[in-house]
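Letters A, B, ... mirror the listed sequences (proteins, then strands); counts begin at 1.
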Protein chains: 2
Amino acid sequence: MSQNHPLKQDMTLSVIKTACSNCNLRELCLPLGLSLEELERLDDLISTRRRIRRGDHLYRAGEAFDAIYAIRSGFFKTDVLLEDGRDQVTGFQMAGELLGLDGISSEHHTCNAIALEDSEICAIPFSRLESLSREIHALQHHFHKVMSREIVRDHGVMMLLGTMRAEERLAAFLLNLSQRFTARGFSHAEFYLRMTREEIGSYLGLKLETVSRAFSKFQEEGYIAVQQKHIRILDVNGLKALMSQRH
Amino acid sequence: MSQNHPLKQDMTLSVIKTACSNCNLRELCLPLGLSLEELERLDDLISTRRRIRRGDHLYRAGEAFDAIYAIRSGFFKTDVLLEDGRDQVTGFQMAGELLGLDGISSEHHTCNAIALEDSEICAIPFSRLESLSREIHALQHHFHKVMSREIVRDHGVMMLLGTMRAEERLAAFLLNLSQRFTARGFSHAEFYLRMTREEIGSYLGLKLETVSRAFSKFQEEGYIAVQQKHIRILDVNGLKALMSQRH
DNA sequence: GCGTTCGCTTGATCCATGTCAACCAATAAG
DNA sequence: CTTATTGGTTGACATGGATCAAGCGAACGC
């Protein structure tokens, strides 16, 4: 069992800084235009801050659901397992994004959430979120939007899996990552992948060899420079063009 | 432009019977255990009831979002369109299910909803739903569960598209339909498909020929009897077994 | 520092599904 | 009733990606 071992240092840190109101991710994670008083009440939402070490689970499929999680820093994947052993990565999540929304429906988590690098999360007890969002209109609306955005994102993945070919899928994937890194103030053209070829393949419905070949192809074509997990995008438009060409 | 032509008859009908409290779908669509007073307030939620004729759009991608829709009777598909003309069916919805949740995030619909048979829907203005769910705890929670269930469903489709082969996909599709018909009091073993092979294929990430061949194969194997859109399931376990066999 | 493991790349081959095409059945239109 | 149209089935063939296999570099444990 991979367990979490909060360090002393970690504990004090969480006491000092668990506050949405001064979190530098608040534009990503919270509604805009809250009053000071509302912001203060929101700070009470976060029950705990936790470190999750690379490779550890934040939660597992089947566990009772009682909180959703905001990623404060780090990188996660979620995956679902079929009885017969097949599994699929359903998403990669980065700082400012939420984890655990799928657990609301059955009150049990339906997928595994695993840290791909040492990460920090804020746990938001769901019943408290519901009661606070009955009082703060903007919070309620924001939460609904976040859930809806997740549905729209999933439709995008369905589109990708259902209609695109291997290279298009990988191009879409890279462009999506690039865009999300940009939104977080990182370079849009240069980043490190936190996941393996196999995890990318699982997410994109491809085998790792196919992913690897597509990377090589993109490099040959001059769209990107790859060196293991280090990616530099050299020609965004090339990648975009690749996606829109018929068949 | 396909428009809706409500008939006089239709109008009176909607005045007489627009009431969740006596809707025979309420177990599917509403939280349980509401007080009478709460049920009455819920009835006010539904602003209009509309007929949508086979082939007509309930809404289109890009249109402003202001309501979600409960299907009172009938059958719908939703699809998304890529710029280059490719499209994909993202779901089939039947009585008691909700349409339009994807529109909350951007306040515009992100897909098309098209009736596959003459249908009736209840429009639920979203702002009213939000304000009422701030007051009725059970309604709020139910709504969150419904959104979450949609996310879980989408993960199931991603799994299907990402890891299953053609026959497994079709088997999963048939079993899912069967189960949903059963939940609505229809036969679990015999039903009419409302969609074409092409639409099934689009949903499952397959070409219509492949769908057709898989149907024929299932019939040869004795799992089902097919005659155009009429399906009889003869061996549920056969279909289930097909899905869990390795590769 | 050295061996082991893991992740990645690349080549050769195979196969499931796509593509193209012909034909048939059901339904709608005239 | 006759014809046009749409949806479905089936066959022959093509191909994208899976599979199998070998080898290599980077990271990690000892």
Contact check, residues 216-233 of chain A vs DNA chain C, heavy-atom distance under 4.0 Å, returns A:Ser216, A:Gln228, A:Lys229

Any base atoms under 4.0 Å from A:Thr196, or only sugar-phosphate, or nothing? Heavy atoms, all strands.
sugar-phosphate

What's the closest nucleotide to the side chain of A:Arg213 if the choices are D:dG17, C:dG11, C:dC8?
C:dG11

A:Thr210 vs D:dG17: side-chain N/O to OP1/OP2 distance below 4.0 Å
no

So A:Gly201, base contact, sugar-phosphate only, or nothing? Heavy-atom distance under 4.0 Å.
nothing

Distance, rounded to the nearest Å, where A:Glu199 contributes CD and C:dC6 contributes C1':
12 Å

For B:Arg184, I'd like to know if atom CZ has over 12 heavy atoms of other residues, nucleotides or ligands within 6.0 Å.
yes

Rounded to whole Å, please give me the gap between CG in A:Leu204 and C1' in D:dA18.
15 Å

For this output row, return yes or no: ring centroids of B:His108 and B:Phe65 closer than 6.0 angstrom.
no

Take atom CG of B:Leu208 and atom C1' of C:dC24, then tell me their distance rounded to the nearest Å.
15 Å

Nearest-Å distance, CD1 (B:Ile200) to P (D:dT9)?
9 Å

Other residues, nucleotides, ligands: >12 heavy atoms within 6.0 Å of B:Lys240 NZ
no

Are A:Leu193 and A:Ile200 packed together at the side-chain level, in the sense that at least one heavy-atom pair is separated by less than 4.5 angstrom?
yes

Report the nucleotide, chosen from D:dT10, C:dC8, C:dG18, that has the shortest atom-to-atom distance to any side-chain atom of B:Lys207.
C:dG18

With heavy-atom distances below 4.5 Å as the criterion, would you say the side chains of B:Ile233 and B:Val236 are in contact?
yes

Quick one: A:Arg197 CZ to C:dT10 P, roughly how many Å, whole number?
10 Å

If I take atom CD in residue A:Glu209 and atom P in nucleotide D:dG16, what distance separates them, rounded to the nearest angstrom?
18 Å

Among the candidates C:dT9, C:dA16, D:dG17, find the nucleotide nearest to the side-chain atoms of A:Leu206.
D:dG17

In terms of the angle between their ring planes, are A:Phe186 and A:Phe181 parallel, tilted or perpendicular, with boundaries placed at 30° and 60°?
perpendicular

For A:Tyr203 and A:Phe92, take the angle between the two ring planes, folded into 0 to 90°, and tell me which bin it lands in: parallel under 30, tilted 30 to 60, perpendicular over 60.
perpendicular

Check the distance between D:dG17's C1' and A:Leu170's CG and give it to me in whole angstrom.
14 Å

Length of the OH-C1' vector between B:Tyr192 and D:dG7, whole Å:
16 Å

